[in-house]
Amino acid sequence: MGDGAAPLFPFPEGWYFVASQRSLAKGMLLERQWLGRHIVAWSDDDGRVCVAESVCPHMGSALGPTVGGRVRDGCLVCPFHGFTYDIVGNCVATPYAPPPKSLGLNVYDTRVIQGLVFAWWSAAGRPPQWQLPEEPPAGNDWCDLEIRTVRFPGHVQEIAENSVDLAHLRYVHGYGNVQPIGSTTVDGSHLLARFEFIRRGPIAGFVGSVYRVSAAAHVHGLGYSFVDIQEHSIGMEARLWVLATPVDGTLVDLSLASQIREIRRPKRLIVGLGFLPPRFRTWVMNRLVISAQMQDVQQDVVIWQRRQYRPHPRLSRSDGDIGRYRRYCRQFYPDDRVSEGG
Ligand code: FES
Ligand SMILES: [Fe+2]
């Protein structure tokens, strides 16, 4: 839109967040709108996950719990005639007769990283063209993930673009001394942007604090960004997943998941938290970190939800790597349903 071009195709190819594994614990059946489809997801007793289109291949019933679908013994039971599907989507039983041969749900390829469940989406019906990265090492000095989700009108490409839009860090979020570390690199589906900045308090009420941060944003398609964060004044390591998922062609669900490493010897006292046992302090700090990130997101949402896509942005020299990012994005529109950018 904006300068007369078609809007961005809303469902670029890639891996998109579905749910946390925790929310699919025993017997839970999740239904949601995802990339313009209705899907269901569940897991069996061994923790294997199935993400499937919410359409029964027998006679087309929806399968979610709101129409009566349920999970029994790790299998999904259709509410209409009771056909039963196993964790890979095959029909394994019906109440009255042997299951019809080769009857199965339309299932999506899935991947689980740190308890976060992702599924592959391709409007063109292509199998996964690339994989998400290896799971980061998860020693027990890393706390459990905190996850928050916000829904607003927007586009996943514009959300991930903020990783390379360093100028906005100053103007929207008020960060100081924002500097790139090296230049943005692209290797196939992986884009890496590194930068540093100073963030002044208050973070969750700690007025007057100064945080010196370096961050490495690993973008793997438009639904999965992983940010490795080092905070130098306290000596805190944090991980942030930024997971944008198209809902219906207009709305996007943006989920943040954060995790921090236990700080045994803080370099300086964290006001009000110094007396807590390290494990509890880590948990509290993680909640503060994700609250601060959500505040940033709310500032971004104000811009995102009213933004018009400019396929040919009028970039200035200080806009850095936006052009490179736009060229990187083209691979996620294999049908060329997007106008040229960058
Ligand atoms: S429509 Fe699902 S069992 Fe008949
Ligand atoms: Fe931002």
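Each ligand, and each atom within it, is numbered from 1 in the order the structure gives. Predicted model only: the values in this text are computed from it and were never measured. If you read the sequence from its start, that first residue is 1, and numbering goes on from there.
Among all non-hydrogen protein atoms, the one lying nearest atom 1 (S) of ligand 1 is M59 N, 3.3 Å.
Taking a cut-off of under 4.0 Å to the non-hydrogen atoms of S61, the atoms of ligand 1 that pass are 1 (S). Counting the atoms of ligand 1 from 1 in the order shown, those under 4.0 Å from a heavy atom of C56 are 1 (S), 2 (Fe), 3 (S). The distance from ligand 1 to the heavy atoms of F83 drops below 4.0 Å at these ligand atoms: 3 (S). Counting atoms of ligand 1 from 1 in the listed order, those under 4.0 Å from a heavy atom of C78 are 1 (S), 2 (Fe), 3 (S).
Nearest N/O/S atom of H81 with respect to atom 4 (Fe) of ligand 1 is recorded as ND1. Within H58, ND1 is the N, O or S atom that lies nearest to atom 4 (Fe) of ligand 1.
When distances to the Fe ion (ligand 2) are checked against a cut-off of 2.8 Å, D296 contributes no N, O or S atom below that limit.
With a 6.0 Å radius and a threshold of 12 heavy atoms from other residues, nucleotides or ligands, R126 has its CZ atom above the threshold. Heavy atoms from other residues, nucleotides or ligands lying under 6.0 Å from CG of N177 number 12 at most.
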Would R22 and D144 satisfy salt bridge (charged side-chain N to carboxylate O under 4.0 Å, His left out), going step by step from the backbone distance to the final call? CA-CA 11 Å; R22 237 185 291 160; D144 288 344; 5.8 Å; no

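Ring-centre distance between W34 and Y108: below the 6.0 Å cut-off. Separation of the F332 and W130 ring centroids falls under the 6.0 Å cut-off.
Salt bridge status for R279 with E262: present, with a side-chain N to carboxylate O gap under 4.0 Å.
Seen from the ring of W142, R239 counts as a face-on cation partner, given the 6.0 Å and 45° thresholds.
Rounding to the nearest 10°, we obtain 80° for the angle at the Fe ion (ligand 2) between D300 OD1 and H173 NE2.
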